[in-house]
Amino acid sequence: MAITTQGLLRTSGSALAFTLGGMLPLLSAFVLLPYYTKLSTADFGLFALYTGLYVLMQTLINFGIDSIVGVSYIENHDQPAKLRQVMSGLAGFVTQTGLLALVLAALLVAIGPPEFLLPWNELALASVASALFFALFKTYSTVLVNQQKPVPYLGLALLNFALVLGGTWFAFQVDGYQLRAPIWGRTLGLGLSALVVMALWLRNYGIRWDSAQSKTWLRLLYPMVLYNLLGWGLRFADRFVLQGALGPETVGLFDFAFKLAMILEFLQVGLFNAVLPRIYHAFKERGFLLGREVLNRNLHSFTAVVVLAIPVIYAGVVGLLPEIMPRPAYQASYAWVGPLLWTLSLRGMFNAYLAPLFYFKETALFPKFYALSMALYLPVLALLVAFKGAEGAVWASAAVALLQVGSVHWFTRSSYPMNYSWAKMLGLPLWGTLTYFASVAVLESVWLQSMAMLALNALAVLVLFRREIRSLR
């Protein structure tokens with residue numbers, strides 16, 4: 001029993017290390033919010049757009065390489081010479097695509113193209129450089145995951161986190177609270193992190209360009225790049241549409257609200273990572289059809305936790321944060337946080353479809369349902385922004401959440417038919433959304449609104465989960 005317990009502790013500790021390490025790049029944006037929000041709303045909005053460019057270039061530079069790092073390592077880990085050849089080629093591929101992107105970006109800066117949505121200047125060049133640096137970090141981190149080395153993985157993630165925080169803080173101190181400070185600060189921190197990663201690559205595998213392997217990877221990975229580009233569009237299209245329609249100040253207000261709502265996503269990522277091993281184990285032991293019982297039980301509970309957590313997060317973000325971090329210029333953003341939180345509450349339903357697709361390696365379906373979601377989302381987004389402004393972008397976020405669930409359901413309905421409780425998976429989030437609008441309409445105090453939501457949502461959970469609660473007695 002002692003050995004089993006130690007094994008469980010090691011497994012749990014490894015999962016925690018990998019989960020925390022994976023969340024740190026996103027967490028840095030929240031930690032730095034007190035500094036970012038000292039920027040004007042226009043500069044904050046432009047920073048959000050340059051961040052969108054940075055994420056887009058990550059997708060193109062990385063080219064989906066991290067999705068085959070694991071397979072490459074597992075297939076060759078018992079052949080040191082072959083492993084070194086493949087891994088050095090992977091590092092060379094990312095480095096070469098990144099350098100090519102940098103050269104093209106520099107040429108564009110030199111040419112000075114007409115401004116379209118985003119000024120293409122030295123800040124765009126810095127964003128492309130940051131994308132290369134992060135792509136190198138992410139690829140090597142994926143190697144550590146597949147080597148099952150949680151301590152080095154978490155250590156490297158913490159180093160990257162600290163360097164980005166330190167670089168950004170240094171840039172603010174030197175350059176003041178203007179747009180170039182967070183962009184160059186991020187580039188500085190990620191550049192230092194990339195130097196460490198390059199040293200690790202060189203020591204363990206080397207870095208070289210392999211034209212034959214690179215051509216194979218280009219043919220193999222372009223569907224994954226397409227999928228990632230569609231995912232980028234679903235995540236960032238609203239900022240660029242708002243920029244074209246209303247300008248950077250509106251982008252800044254919307255992006256601030258979205259960043260606050262993304263606190264819920266940290267909880268959801270942690271919860272999903274916690275229940276996913278149980279679901280995978282059930283699929284392995286019972287297959288999909290019989291394993292659905294475990295899938296349903298865990299993701300029903302997932303949704304219940306989320307609808308109970310949202311009123312608490314809402315109270316902290318909308319009630320407490322303005323008191324401890326007053327930013328009058330951003331006050332309008334707080335009105336959008338509640339709707340955005342409830343938009344994200346459909347994640348449990350979406351995850352119910354993703355779990356079997358990941359386990360049974362049906363990732364070829366991802367570009368299909370993302371493409372359908374994108375095709376429907378863009379006209380909805382454009383129309384809502386045209387009629388309702390930034391509030392329209394908030395409603396479009398709700399639309400895309402429903403579109404993603406509907407699209408993945410459409411493409412998987414025959415291969416992976418679901419039998420979850422609609423009342424628990426969809427009814428609870430819809431009920432929570434109604435309680436939000438009702439409490440905001442009736443009550444002025446954010447604290448009373450939160451308590452009303454929490455009480456009404458708890459009542460719904462007690463009613464829908466009464467059998468499960470009785471079984472605990």
Side-chain angles (χ1 to χ4, degrees), residues 15-16 19-20 22-23 26-27 29-31 33 256-276 278-279 295-324 333-352 354-355 394 397-398 401-402 404-405 420-421 423-440 443 445-466 468-469 472:
L16 181 61
T19 300
L20 289 176
M23 292 169 63
L26 289 174
L27 183 60
F30 294 100
V31 174
L33 267 183
F256 178 62
F258 198 87
K259 280 184 168 62
L260 295 179
M262 284 296 289
I263 293 172
L264 176 64
E265 195 66 4
F266 284 113
L267 172 64
Q268 297 194 120
V269 168
L271 286 173
F272 190 49
N273 287 336
V275 303
L276 203 54
R278 303 176 202 166
I279 295 169
L295 172 74
N296 293 341
R297 184 168 64 246
N298 281 278
L299 290 178
H300 290 163
S301 301
F302 175 105
T303 304
V305 171
V306 167
V307 300
L308 293 175
I310 286 177
V312 179
I313 295 172
Y314 177 78
V317 168
V318 181
L320 184 60
L321 187 62
E323 300 297 324
I324 61 177
S333 300
Y334 290 105
W336 304 327
V337 173
L340 287 170
L341 284 170
W342 286 108
T343 292
L344 294 170
S345 67
L346 288 175
R347 175 65 65 181
M349 197 172 183
F350 189 55
N351 285 343
L354 292 187
V394 174
S397 296
L402 290 169
Q404 283 184 291
V405 171
Y420 51 71
S421 166
K424 293 174 181 175
M425 296 290 273
L426 183 60
L428 271 178
L430 290 178
W431 171 257
T433 304
L434 291 174
T435 65
Y436 165 76
F437 284 112
S439 63
V440 169
L443 303 168
S445 167
V446 171
W447 304 104
L448 291 177
Q449 292 167 8
S450 300
M451 287 189 284
M453 278 192 286
L454 184 59
L456 292 169
N457 293 345
L459 178 61
V461 169
L462 288 173
V463 170
L464 290 175
F465 287 82
R466 57 190 181 277
E468 290 87 343
I469 293 170
L472 297 176

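Just so it is clear, the values below take in all heavy atoms, side chains as well, and ignore hydrogens, waters and symmetry mates.
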Of all heavy-atom pairs between Ser397 and Phe258, which one has the smallest distance, and what is that distance? OG-CE1, 4.4 Å
Reported CE-to-CG distance for the pair Met349 and Leu354, which is rounded to 0.5 angstrom: 12.5 Å
Is any side-chain heavy atom of Asn351 closer than 4.5 Å to one of Phe302? yes
Is there side-chain contact between Trp431 and Val307, with at least one heavy-atom pair below 4.5 Å? no
For residues Ala315 and Val446, report the shortest heavy-atom separation together with the two atoms involved. CA-CG1, 4.4 Å
Nearest 0.5 angstrom please: Leu260 CG to Leu33 CG, how far? 6.5 Å
Rounded to the nearest 0.5 angstrom, the CZ-CD distance for Phe350 and Gln404 is 4.5 Å
Taken to the nearest 0.5 Å, the spacing of Leu299 CG from Tyr420 OH works out to 10.5 Å
Test your reading of the model: is there a side-chain donor-acceptor pair from Asn457 to the backbone of Leu308, 3.5 Å cut-off? no
Measuring from Ile313:CD1 to Leu264:CG, what's the distance to the nearest 0.5 Å? 4.5 Å
Hey, is the main chain of Ile310 close enough, under 3.5 Å, to the side chain of Trp342 for a donor-acceptor pair? no
Indicate yes or no for a side-chain donor-acceptor contact from Ser345 to the backbone of Leu341 under 3.5 Å, with no hydrogens or angles considered. no
Closest non-hydrogen atom pair between Gly348 and Met425, with its separation: O-CE, 3.4 Å
Specify the closest pair of heavy atoms between Ala261 and Leu340, including all atoms of both residues, with the distance to one decimal. CB-CB, 3.7 Å
At their closest point, which heavy atom of Leu428 faces which heavy atom of Ala304, and how far apart are they? CD1-CA, 4.1 Å
Determine whether His300 and Ser421 make a side-chain contact, defined as any pair of heavy atoms from C-beta on separated by less than 4.5 Å. yes
Are any of the side-chain heavy atoms of Leu320 and Trp447 separated by less than 4.5 Å? yes
Do any N or O atoms from the side chain of Arg347 and from the backbone of Leu344 form a donor-acceptor pair under 3.5 angstrom? no
Kindly compute the distance separating OG (Ser439) from CE (Met451), expressed to the nearest 0.5 Å. 11.0 Å
Given side chains that start at C-beta, do those of Gln268 and Phe272 come closer than 4.5 Å, heavy atoms only? no
Tell me whether Lys259 forms a cation-pi arrangement with Phe30, defined as NZ or CZ under 6.0 Å from the six-membered ring centre and within 45 degrees of its axis. no
List the atom of Tyr314, the atom of Val440, and the distance in Å for their closest heavy-atom pair. OH-CG2, 4.1 Å
